[in-house]
Amino acid sequence: MSDVILVIGDKNISSWSMRPWLALRHAGIPFQEVSVKLRQEEKTRAAILPHSPSGLVPVVKVGGVTINESLGICEWAAERAPHAGLWPDDWRARAMARSAATEMHNGFPAVRRELSMDILGRHPGVERSPECEANIARILEVWTAARAAFGQDGPFLFGRWSVADAMYAPVVTRFITYDVPLPAVATAYVEAMLADPHLQEWIAGARAEVAGA
Ligand SMILES: N[C@@H](CCC(=O)N[C@@H](CS)C(=O)NCC(=O)O)C(=O)O
């Protein structure tokens, strides 16, 4: 049994959980998965707190420590599996990938608020505020710049799959859920992400959880 425990929320809606889960899968790090049902008010908090003093998921428990924050977990995964290449090799690409990942981690509040993750849902008619449109435009700018500068070696933002892709995976599913019109470069990226077997496994897990709810 693995010494790594990853505590996550519901796969259909927990965008923050999806990111490190994908990173651990891509890194080939075995882990025990513990799932907490979100949006149950005090019950959710009571279920999370024994695992995570921050009261939030995702969290990794390993070696007697607790690692919270999705990006912090991805960084730990990159260190734990250095040969998995969770960050690009080239320092320029790596710097840009870190910048893209952190911009996602603390940015795009209108996208997060107005287009909340609902992988299996389809809500094409949802109105978007100007702030949300501006967030979307900036995301597309980040994707386009990454693909143009470093996309030669593969279909992901920096060619090979990286933590930057983990951070934007929930945006990919949101663009589908809310039927956001995309330029060709973004459509190709979305298709590549959806073809990723690990993302497919996560989506299948979401389907199973929703069916069993
Ligand atoms: N900045 C945190 C955000 C984590 C977060 O907001 N998690 C949500 C679920 S996606 C949560 O735990 N909510 C607790 C609740 O719903 O009670 C991260 O990057 O991990």
Side-chain angles (χ1 to χ4, degrees), residues 4-27 29 31-62 65-80 86-87 97-121 123 126 132 135 138-139 142 157 161-178 193 198-199 201-210 213:
V4 179
I5 298 173
L6 174 64
V7 187
I8 58 173
D10 315 51
K11 288 189 166 128
N12 190 47
I13 58 170
S14 186
S15 57
W16 294 111
S17 300
M18 181 195 215
R19 295 167 166 120
W21 188 97
L22 287 173
L24 265 64
R25 275 285 192 268
H26 272 271
I29 299 171
F31 60 91
Q32 302 174 55
E33 188 175 309
V34 173
S35 184
V36 169
K37 198 153 179 49
L38 299 174
R39 300 183 183 167
Q40 308 286 301
E41 297 175 2
E42 282 313 305
K43 262 168 97 178
T44 295
R45 197 169 163 73
I48 293 177
L49 277 177
H51 301 291
S52 169
S54 74
L56 298 173
V57 288
V59 66
V60 155
K61 300 195 287 185
V62 60
V65 298
T66 298
I67 308 163
N68 64 318
E69 290 296 315
S70 52
L71 193 50
I73 299 170
C74 290
E75 288 287 5
W76 163 81
E79 250 187 59
R80 166 106 171 194
L86 283 187
W87 289 111
R98 284 207 158 99
S99 155
T102 46
E103 189 169 350
M104 179 69 246
H105 193 231
N106 65 25
F108 311 125
V111 162
R112 300 214 306 256
R113 194 172 53 243
E114 295 173 32
L115 310 181
S116 69
M117 191 169 91
D118 176 8
I119 295 178
L120 304 177
H123 313 294
V126 170
C132 185
N135 283 180
R138 174 60 192 151
I139 289 168
V142 169
L157 289 179
W161 195 94
S162 76
V163 171
D165 299 297
M167 295 309 290
Y168 285 92
V171 175
V172 163
T173 72
R174 283 167 155 121
F175 283 174
I176 305 286
T177 298
Y178 296 92
M193 288 288 279
H198 299 307
L199 183 52
E201 186 192 343
W202 175 275
I203 294 171
R207 203 167 281 122
E209 280 179 6
V210 168

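For ligands, and for the atoms within them, numbers begin at 1 and follow the listed sequence.
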J.: Tell me which protein heavy atom sits closest to atom 1 (N) of ligand 1, plus the residue, atom name and distance to 0.1 Å.
T.: E69 OE1, 2.7 Å

J.: Just how far is it from atom CD of E75 to atom CH2 of W87, taken to the nearest 0.5 Å?
T.: 5.0 Å

J.: Report yes if some heavy atom in the side chain of I8 is under 4.5 Å from a heavy atom in the side chain of E33; otherwise report no.
T.: yes

J.: Any idea which part of R19 is under 4.0 Å from ligand 1, heavy-atom wise: side chain, backbone, both or neither?
T.: neither

J.: Any heavy-atom pair between the side chains of R45 and L49 that's under 4.5 Å?
T.: yes

J.: Determine whether V60 and P20 make a side-chain contact, defined as any pair of heavy atoms from C-beta on separated by less than 4.5 Å.
T.: no

J.: Select the closest option to atom 18 (C) of ligand 1 among S54, G55, S70, S14, judged by heavy-atom distance.
T.: S70

J.: Against ligand 1, does S17 come closer than 4.0 Å with any heavy atom?
T.: no

J.: Just going by heavy-atom distances, which of V59, V57, N68 is nearest to atom 7 (N) of ligand 1?
T.: V57

J.: Among all the protein's non-hydrogen atoms, which is closest to atom 11 (C) of ligand 1, and how far away is it?
T.: L56 CD2, 3.5 Å

J.: Between T44, I8, V7, I13, which one has a non-hydrogen atom sitting closest to atom 17 (O) of ligand 1?
T.: T44

J.: Taking only heavy atoms of L38, which atoms of ligand 1 are found under 4.0 Å from at least one of them?
T.: 9 (C), 16 (O)

J.: Excluding sequence neighbours, so at least two apart, what forms salt bridge (charged side-chain N to carboxylate O under 4.0 Å, His left out) with K37?
T.: D10

J.: Quick one: sort the H198 and H26 rings into parallel, tilted or perpendicular, breaks at 30° and 60°.
T.: perpendicular

J.: How far is atom 6 (O) of ligand 1 from its nearest protein heavy atom, and which residue and atom is that?
T.: W16 CD1, 3.5 Å

J.: Give the atoms of ligand 1, by number and element, whose distance to some non-hydrogen atom of H105 is under 4.0 Å.
T.: 1 (N), 18 (C), 19 (O)

J.: With a 4.5 Å limit on heavy-atom distance, are the side chains of T177 and V126 in contact?
T.: no

